[in-house]
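The next block holds one structure in the form of structure tokens; read it before the comments.
These values consider heavy atoms only, across backbone and side chains, with no hydrogens, waters or symmetry-generated copies. Lettering follows sequence order; numbering is per chain, from 1.
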Amino acid sequence: MQINVPTPSIFNFEHILKHLNRSSQELLHYIEEDEVWKWVEWKGESGLISFSHQLDHFQLKLHTHSEGLADVLPDYLSNWFDLDRDLNKFYQLVKEDGLLGPLTSSLHGLRVVGVHGLFEALSWAIIGQQVNLSFAYTMKRRLIEHYGKSMVYGDKTYWSFPEPKIVMQARIDDLMELSISRRKAEYLIEVASQMEKGDLSKEKLLQLAAPEAIEKKLCKIRGIGPWTANYVMLRCLRIPSAYPVGDAGLQNAVKQRLQMDRKPSYEELYSLAENWKGWEAYATFYLWNGLNKE
DNA sequence: ATCCAGGAAGGCG
DNA sequence: CGCCTTCATGGA
């Protein structure tokens with residue numbers, strides 16, 4: 001079964017592919033010949049899809065008999081790649097900005113690549129706290145291999161991120177076997193538990209609407225500080241003003257672009273962001289992806 | 001070896 | 001509030 005899903009005029013799949021291809025340890029999707037393969041779970045439907053981009057649309061293939069999946073795939077992709085966002089507004093806003101202006105040219109058409117599941121986003125952020133990205137990917141891979149569901153198709157195994165119900169039952173020592181620190185193991189189990197109980201969900205957070213309220217609610221949870229809250233708001237809740245100022249990558253990107261001899265302070269980062277009001281998430285994502293470029 | 005990595009908690013004054 | 005230490009591991 002084949003489906004086409006239109007993409008907006010400002011859209012560059014090359015940039016997105018590059019982002020998706022960051023780690024060879026990624027188990028949640030694979031890329032072969034500019035085609036993305038992924039086991040999808042969305043709105044009660046699931047199945048294996050692959051897709052490539054042609055001119056102005058995605059060309060998708062369903063590799064499993066998943067009748068209902070086809071109907072929710074446009075929404076799934078829109079959510080993944082933020083297709084409904086009007087990037088013209090962002091580009092107009094930062095056109096004259098010395099920091100971001102150049103990036104809107106070199107990364108033109110890049111959209112914030114999202115994370116669908118709140119538990120996945122929170123887990124990934126917690127795992128990624130204060131460690132380098134490649135090590136974070138190692139821990140994520142092990143977590144998925146131990147607690148995720150898998151299905152084999154062709155010569156590959158496709159994985160889905162572990163469910164809170166499963167991680168909630170893990171013991172701290174089990175998670176520590178995966179090189180996850182004791183504290184992070186405690187955080188993960190607690191977050192999983194709150195999600196399983198229903199106290200914490202993507203829907204409930206989005207209902208709060210106000211970014212400040214969402215951040216406050218998230219930060220009440222042990223293990224979630226301002227960086228993690230804003231990271232999840234950026235990647236999963238898709239709040240455009242989310243701004244993880246504590247992020248080492250963001251700080252290094254600004255340092256590099258402004259040729260500073262030290263990392264910028266929070267104050268300086270907030271000051272710079274005056275030029276990106278309402279688009280801090282995009283600014284951050286562009287800075288991340290422009291790191292080490294040019 | 002040393003520093004730092006897409007931080008946060010807990011203690012202290 | 002701001003500052004300090006601890007947590008844990010691996011990449012460069």
Exercise for the section: Look at the rings of A:W37 and A:Y153 and say which category their plane angle falls in: under 30° parallel, 30 to 60° tilted, over 60° perpendicular. Expected result: tilted
* To do: Give A:T228 one of three labels, base, sugar-phosphate or nothing, depending on what nucleic acid heavy atoms sit under 4.0 Å from its own.
  => sugar-phosphate
Taken to the nearest whole Å, CG/A:L178 to P/C:dA8 is 14 Å
Rounded to whole Å, the CZ-P distance (A:F135 to B:dC4) equals 19 Å
Whole-Å distance, A:R142 CZ to C:dT9 P, equals 10 Å
>> At 4.0 Å (heavy atoms only), tell me whether A:P226 reaches a base, stays on the sugar-phosphate, or touches nothing.
In response: sugar-phosphate
To the nearest angstrom, the CD1-C1' distance between A:I180 and B:dA8 comes to 16 Å
Atom NZ of A:K220 and atom C1' of B:dA8 are separated, to the nearest Å, by 18 Å
In terms of the angle between their ring planes, are A:F90 and A:Y286 parallel, tilted or perpendicular, with boundaries placed at 30° and 60°?
perpendicular
Rounded to whole Å, CD of A:Q256 lies from P of B:dA5 at a distance of 13 Å
Expected list for residues 110-121 of chain A near DNA chain B, using heavy atoms below 4.0 Å, is none
note: A:Q130, atom CD; C:dG11, atom C1'; distance rounded to Å ~ 13 Å
Applying salt bridge (Lys or Arg N to Asp or Glu O under 4.0 Å) to A:K140 and not counting sequence neighbours gives A:E26
Query raised in the report: Parallel, tilted or perpendicular: which describes the rings of A:F81 and A:F13, with under 30° parallel and over 60° perpendicular?
Result: perpendicular
What residues 260-277 of chain A contributes to the DNA chain B interface at heavy-atom separation below 4.0 Å is A:K263
Short heteroatom pairs, N/O only, protein and nucleotides 10-12 of chain B, under 3.5 Å:
from   : atom 1 : to     : atom 2 : distance (Å)
B:dG10 : OP1    : A:R222 : NE     : 3.1

A:R171 bridged to A:E177 by N-O distance under 4.0 Å = no
**Q.** Stepwise side chain to side chain contact (heavy atoms under 4.5 Å, CB included) test for A:L291 and A:Q256
**A.** CA-CA 8 Å; A:L291 201 52; A:Q256 181 183 313; 3.6 Å; yes
Separation of C:dC7 atom P from A:I172 atom CD1, nearest Å, is 15 Å
In A:R111, A:H53, A:H57, the residue satisfying side-chain hydrogen bond (donor to acceptor under 3.5 Å, both in side chains) with A:T7 is A:H53
Checklist entry - What do you reckon, are the aromatic ring centroids of A:F11 and A:F58 less than 6.0 Å apart? => result yes
Result for 5'-nearest mapping on DNA chain C, choosing between A:N132 and A:M176, is A:M176
- Task: For B:dA1 and C:dT9, measure between their C1' atoms and round to the nearest Å.
- Result: 16 Å
Sorted by position of nearest nucleotide on DNA chain B, 5' first, the leading residue of A:G225 and A:N252 is A:N252
Within the 4.0 Å heavy-atom criterion, would you say A:I221 contacts the bases, only the backbone, or no part of the nucleic acid? sugar-phosphate
According to the interplanar angle, ranging from 0 to 90°, do the rings of A:Y91 and A:H108 count as parallel (below 30°), tilted (30 to 60°) or perpendicular (above 60°)? tilted
A:E215 meets the salt bridge (Lys or Arg N to Asp or Glu O under 4.0 Å) criterion, sequence neighbours left out, with none
inquiry  = Regarding A:R182 and A:E186, does a basic nitrogen lie under 4.0 Å from an acidic carboxylate oxygen?
reply    = no
- Using the P atom on both, measure B:dG11 against C:dA8 and round to a whole Å. 15 Å
Whichever of A:S134 and A:R182 has the more 5' nearest nucleotide on DNA chain C, that residue is A:R182
Is any side-chain N or O of A:Q129 under 3.5 Å from a base N or O of B:dA8, one able to act as donor and the other as acceptor? no
Residues at least two apart in sequence or cross-chain that pass side chain to side chain donor-acceptor pair (under 3.5 Å) with A:K43, listed by chain then number, are A:D75
Check: Aromatic ring centroids of A:F119 and A:W124 under 6.0 Å?
Finding: no
*When all nucleic acid strands are considered with a 4.0 Å heavy-atom cut-off, which category describes A:I126: base, sugar-phosphate, or nothing?*
nothing
